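For the numbers below, each heavy atom of this structure counts, side chains included, while hydrogens, waters and symmetry mates do not. Both counts, for ligands and for their atoms, begin at 1 and track the order of listing. A quick note: this is a predicted structure, and the numbers were derived from the prediction, not measured.
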Amino acid sequence: MKQEDGLRSWLKQADDLGELRTIEGADWDLEIGGVADIVTERGSSPAVLFDSIKNYPQGYRVLVNSLGSTKRLGLSLGMPQDLSALGFVSEWRKRSKALKHIPPTVIKDGPVLENIRRGRDVDLLAFPTPRWFELDGGRYIGTGSVNITHDPEEGWTNLGTARVMIHDENTVGFYIAPGRHGRIHRDKAFLRGEPFKVAISVGHDPLIFLAGALEVPYGVCEYDFIGGIRGESVEVIKGEFTGLPFLPRRKSF
Ligand SMILES: Cc1cc2nc3c(=O)[nH]c(=O)nc-3n(C[C@H](O)[C@H](O)[C@H](O)COP(=O)(O)O)c2cc1C
């Protein structure tokens with residue numbers, strides 16, 4: 001199934017499948033994290049969309065447990081949604097073996113460029129980022145996110161999921177473990193005495209998150225892998241400061 005509108009289209013389809021619940025008025029401080037913990041621990045439970053989060057305007061939403069059922073995994077991967085867990089695994093094995101990578105297409109413009117904040121106007125606290133767990137050192141905006149990085153020697157791009165914590169209005173921190181592809185890119189950049197540039201994407205189609213968390217082989221760009229799953233090239237925009245490719249948001253995925 002072609003996805004015309006990224007996450008919004010995915011939400012509509014998940015809702016039509018009866019796979020989505022909405023909660024209004026939750027607190028970003030531990031309440032969203034508590035619900036996320038319950039639904040992910042239970043297994044095969046609905047995705048939960050939080051809206052009207054305490055002290056934030058309506059429409060500033062947070063989605064949890066996007067991939068927590070075989071139906072929603074099927075939806076996200078363009079596979080049948082009525083498979084048993086075992087049926088899903090054997091179908092995915094078959095499909096992933098036959099997968100042909102399709103490189104992304106660079107385009108110039110997209111809705112993601114409609115809201116740009118620079119310099120002193122950057123305010124990460126404008127978003128209702130949860131403090132997920134009591135012992136977390138802060139609020140983690142990156143959990144279903146991807147860190148987009150570039151190999152300065154070999155020239156390929158990687159998308160990898162790593163937790164990203166907000167330190168203040170315009171600073172985040174993350175840790176990529178040794179051996180991960182993003183970490184290899186960092187080490188290469190530092191060895192060359194170059195800055196390590198990272199673009200962080202949040203709020204995208206769950207397939208992007210899935211690809212970022214999967215162990216896609218070294219040297220393979222996750223956009224190529226996703227293009228292969230979808231059977232069509234992913235459209236990307238190159239960032240003004242980093243040159244790194246990110247999603248335009250609409251009419252892509
Ligand atoms: C929700 C979530 C959070 C993760 N957080 C981290 C993290 O903070 N640091 C890390 O090194 N790996 C983290 N991982 C694991 C990586 O995403 C995973 O190993 C992935 O395959 C790395 O991709 P890469 O080798 O292409 O960079 C996380 C995975 C998930 C699903």
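Put simply, the side chain of Trp10 does not reach to within 4.5 Å of the side chain of Leu207, judged on heavy atoms. In this structure the side chain of Asp27 never reaches within 4.5 angstrom of the side chain of Ile32, judged on heavy atoms. Proximity of Ile176 to Arg186: side-chain heavy atoms (C-beta onward) are nowhere separated by under 4.5 Å. Taking the side chain as every heavy atom from C-beta outward, Leu210 and Leu73 approach each other to under 4.5 Å. Here the side chains of Leu83 and Glu91 are in contact, with some heavy-atom distance below 4.5 Å.
Which parts of ligand 1 touch Gly182 is read off a 4.0 Å heavy-atom cut-off, strictly below it: atoms 27 (O). Residue-ligand proximity, Glu215 to ligand 1, at heavy-atom distances under 4.0 Å covers atoms 21 (O). Residue Ile176 approaches ligand 1 through these ligand atoms, each under 4.0 Å from one of its heavy atoms: 11 (O). Below 4.0 Å from some heavy atom of Asn158 lie the following atoms of ligand 1, by number and element: 24 (P), 26 (O), 27 (O). Atoms of ligand 1 found under 4.0 Å from any heavy atom of Glu222, numbered from 1 in the order shown, are 26 (O).
Looking at Glu31 and Lys54, no side-chain N of the basic residue comes within less than 4.0 Å of a carboxylate O on the acidic one, giving no salt bridge. Glu240 has a carboxylate O that lies under 4.0 Å from a charged side-chain N of Arg118, or vice versa, which qualifies the two as a salt bridge.
The shortest separation from a heavy atom of Arg183 to ligand 1 is not under 4.0 Å, leaving the residue out of contact.
In terms of protein heavy atoms, atom 5 (N) of ligand 1 is closest to Arg163 N, 3.4 Å. Closest to atom 10 (C) of ligand 1, if we only count protein heavy atoms, is Arg180 NE, 3.4 Å. Summary of contacts: the protein heavy atom closest to atom 13 (C) of ligand 1 is Thr161 O, 3.3 Å. His181 N, 2.9 Å is the protein heavy atom nearest to atom 25 (O) of ligand 1. With respect to atom 1 (C) of ligand 1, the closest heavy atom belonging to the protein is Thr143 O, 3.3 Å. The protein atom (non-hydrogen) at minimum distance from atom 9 (N) of ligand 1 is Tyr175 O, 2.8 Å. Scanning the protein heavy atoms around atom 11 (O) of ligand 1, the nearest turns out to be Ala177 N, 2.8 Å.
Of the possible donor and acceptor atoms, none in the side chain of His181 sits under 3.5 Å from a partner among the backbone N and O of Thr157.
When the options Gly212, Pro217, Ala213, Ser145 are ranked by their closest heavy atom to atom 23 (O) of ligand 1, first place goes to Gly212.
Tested against Val234, the residues Thr105, Ile102, Ile226, Ile208 include a single side chain to side chain contact (heavy atoms under 4.5 Å, CB included) partner, Ile226.
With a heavy-atom cut-off of 4.0 Å, Leu214 touches ligand 1 through its backbone alone. Proximity of Phe174 to ligand 1, defined as any heavy-atom pair under 4.0 Å, is not found for any part of the residue.
Proximity of the aromatic rings of Tyr218 and Trp156 is defined here by a centroid distance below 6.0 angstrom, and this criterion is met.
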